[in-house]
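The next block holds one structure in the form of structure tokens; read it before the comments.
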2 protein chains.
Amino acid sequence: MVSWSPEGIDQLSARLISQGSRFARTASRKSGEQRSLIALRVLSNLLQEGDLRIGELAQRETITQPAMTATVNRLEEDGLVERRADPADARAAVVHVTQAGAAELEAFRMRAAARVRPHLERLGEDDLAVLARAADLLGDLADRLNER
Amino acid sequence: MVSWSPEGIDQLSARLISQGSRFARTASRKSGEQRSLIALRVLSNLLQEGDLRIGELAQRETITQPAMTATVNRLEEDGLVERRADPADARAAVVHVTQAGAAELEAFRMRAAARVRPHLERLGEDDLAVLARAADLLGDLADRLNER
DNA sequence: CAGTTTATATAGAACGTGTATATAGTTGCT
DNA sequence: AGCAACTATATACACGTTCTATATAAACTG
């Protein structure tokens, strides 16, 4: 194993961004997905964490608050989420996933999995482990990049 | 090491898409990037492979030909690429990166690296190796998804 | 050489996203 | 209590992104 030079680390950054985005876009498109990846991530966040505010969602996904308002509007028009009054703060509304929203996310996951599965199945256990660990690491890295 | 159930593999697909897209978007935005990741990938493809046709670029990046025409138009307006006649086929034009285009890609890579480096530096060699291997695997997976 | 196919461009529509600003509600200080 | 500053969300506007459908021009085919 080569030890990591600063240049190696910097190349790795660019490759992760480039390949990560291409893979995500390709897998989503080829699964016939209509909705944006942000919209799907919003549903996923809400299911995992419970109701969240617009601002909180925007911050997590690194888009501006107006962009998140628009995303939530579209999801609400399609009945996938609801706005609910926040009892603690009348300025705020919390976003709540509906059953239809949960179903739509699940449907996406199944379509995506069906499309990607054949290719993952060809990989060895070691490569699958690499990808599983990488998914966690990428999530952590995104969190840290978001912090400041 | 757990052996991989079908469900585990399917979950992995969804996680890779979700985390991959979030990481790429976050890293790009937080680096103050203006240009789309697709535009950057176009520059990268051209530098790596030499001049390519619009249609070829569209196929590689899994967007439609009109969308790629628009992307190339914007890059051309900014002087980052040029259209050149394809001597072998007068219908087609090949896209060629200019020096300014190469410089812009390099600048993006430096900005992104500077932003991500501190977080990568905290990782151990094993995790860096995981990420490096994962970048390759994601690239291969995207290629394979693209094939059919 | 006429008909079909291919490569790119254009038109039109909807979504995604940013900046700037408006509106309404909350908090802190006196 | 009252006012100033702050905060959460919404709205307005502009531009980029991406799709489908179609037009245009060139190449291939029999």
Side-chain angles (χ1 to χ4, degrees), chain A residues 21-22 24-43 46 51-78 80-96 104 108 146, chain B residues 21-22 24-43 51-78 80-96 104 108:
Chain A
S21 73
R22 183 162 92 110
R25 181 162 30 75
T26 303
S28 169
R29 291 279 160 74
K30 292 278 175 176
S31 307
E33 189 52 51
Q34 300 301 311
R35 231 166 276 280
S36 74
L37 286 166
I38 289 239
L40 295 167
R41 283 198 47 82
V42 165
L43 294 176
L46 293 173
D51 299 357
L52 293 171
R53 293 180 173 191
I54 297 265
E56 171 70 17
L57 285 167
Q59 202 169 9
R60 278 173 196 245
E61 296 305 325
T62 327
I63 64 176
T64 58
Q65 169 263 307
M68 186 54 78
T69 292
T71 296
V72 169
N73 285 344
R74 282 185 295 270
L75 287 170
E76 193 172 33
E77 278 164 23
D78 294 347
L80 305 189
V81 302
E82 291 171 359
R83 276 183 173 79
R84 294 184 172 178
D86 183 341
D89 186 338
R91 291 169 303 181
V94 295
V95 184
H96 175 85
E104 174 114 352
F108 160 69
N146 238 350
Chain B
S21 72
R22 183 162 92 108
R25 182 162 28 77
T26 302
S28 169
R29 291 280 161 75
K30 293 276 175 176
S31 309
E33 190 51 52
Q34 299 301 312
R35 231 166 274 281
S36 74
L37 286 167
I38 289 238
L40 295 166
R41 283 198 48 82
V42 166
L43 295 176
D51 299 357
L52 292 171
R53 294 179 172 191
I54 298 266
E56 172 70 17
L57 285 167
Q59 203 169 9
R60 279 174 195 246
E61 296 305 324
T62 328
I63 64 176
T64 58
Q65 170 264 308
M68 185 54 77
T69 292
T71 295
V72 169
N73 284 345
R74 283 185 295 271
L75 287 171
E76 193 173 33
E77 278 163 23
D78 294 348
L80 306 188
V81 302
E82 291 172 0
R83 277 182 172 80
R84 295 184 172 178
D86 183 341
D89 186 341
R91 292 169 302 180
V94 294
V95 184
H96 175 85
E104 174 114 353
F108 158 69

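In the text below, chain A, chain B and the rest are named by the order of the sequence lines, each starting its count at 1.
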Self-check item: With B/Arg41 via salt bridge (Lys or Arg N to Asp or Glu O under 4.0 Å) - residues at least two apart
Solution: B/Glu61
Practice problem: Tell me what A/Arg35 touches on the nucleic acid: a base, only sugar-phosphate, or nothing, going by heavy atoms under 4.0 Å. | Solution: nothing
Quiz item: Rounded to the nearest 0.5 Å, how far does NE2 of B/His96 lie from CG of B/Leu80?
Solution: 12.0 Å
Exercise. Apply side-chain hydrogen bond (donor to acceptor under 3.5 Å, both in side chains) to A/Thr62 and list each qualifying residue two or more places apart in sequence or on a separate chain.
Key: A/Asn146, B/Thr26
Quiz item: A/Ser36: what forms a side-chain contact (heavy atoms from CB on, under 4.5 Å) with it, not counting sequence neighbours?
Solution: A/Ile38, A/Ala39
Quiz item: Once you build an axis from the first five pairs and another from the last five of the helix from C/dC1-D/dG30 to C/dT30-D/dA1, how far apart in angle are they, to 10 degrees?
Solution: 20°
Quiz item: Which pairs count as salt bridge (charged side-chain N to carboxylate O under 4.0 Å, His left out) when at least one residue sits in residues 83-93 of chain B, sequence neighbours excluded?
Solution: B/Arg53-B/Asp86, B/Arg53-B/Asp89, B/Glu76-B/Arg83, B/Glu82-B/Arg84, B/Asp89-B/Arg91
Quiz item: 5' to 3' on DNA chain C, which nucleotides open and close the contacts with chain A (atom under 4.0 Å from a heavy atom)?
Solution: C/dC15 to C/dT26
Quiz item: Who are the side-chain contact (heavy atoms from CB on, under 4.5 Å) partners of B/Ser28, not counting sequence neighbours?
Solution: B/Glu33, B/Leu37
Self-check item: Approximate separation, where rounding is to 0.5 Å, of B/Thr71 OG1 and B/Leu43 CG
Solution: 10.5 Å
Exercise. For side-chain contact (heavy atoms from CB on, under 4.5 Å), just list the numbers for A/Leu46 and A/Leu57, CA-CA rounded to whole Å, side-chain angles, deciding distance to a tenth of an Å, and then say yes or no.
Key: CA-CA 9 Å; A/Leu46 293 173; A/Leu57 285 167; 4.2 Å; yes
Self-check item: Those residues that, when tested against B/Ala67, pass side-chain contact (heavy atoms from CB on, under 4.5 Å) (two or more places apart)
Solution: B/Ile63, B/Thr64
Quiz item: For DNA chain C, what residues of residues 66-77 of chain A have any heavy atom nearer than 4.0 Å?
Solution: A/Pro66, A/Ala67, A/Ala70, A/Arg74
Quiz item: Where do B/Ala27 and B/Ser31 come nearest, in terms of heavy atoms and distance?
Solution: O-OG, 2.5 Å
Quiz item: 5'-most contact on DNA chain C: A/Ser36 or B/Gly55, nearest heavy atom basis?
Solution: B/Gly55
Practice problem: For B/Arg60, check side-chain contact (heavy atoms from CB on, under 4.5 Å) against everything at least two apart and list the hits. | Solution: B/Asn45, B/Glu49, B/Leu52, B/Glu56
Practice problem: Enumerate the residues from residues 80-94 of chain A whose closest heavy atom to DNA chain C is under 4.0 Å, giving them by residue number; use none for an empty result. | Solution: A/Asp89, A/Ala90, A/Arg91
Quiz item: Earliest and latest nucleotide of DNA chain D, 5' to 3', sitting under 4.0 Å from a non-hydrogen atom of chain A?
Solution: D/dT7 to D/dC19
Quiz prompt | Along DNA chain D (nearest heavy atom to each residue), the more 5'-positioned of B/Ile63 and A/Gln65 | solution = A/Gln65
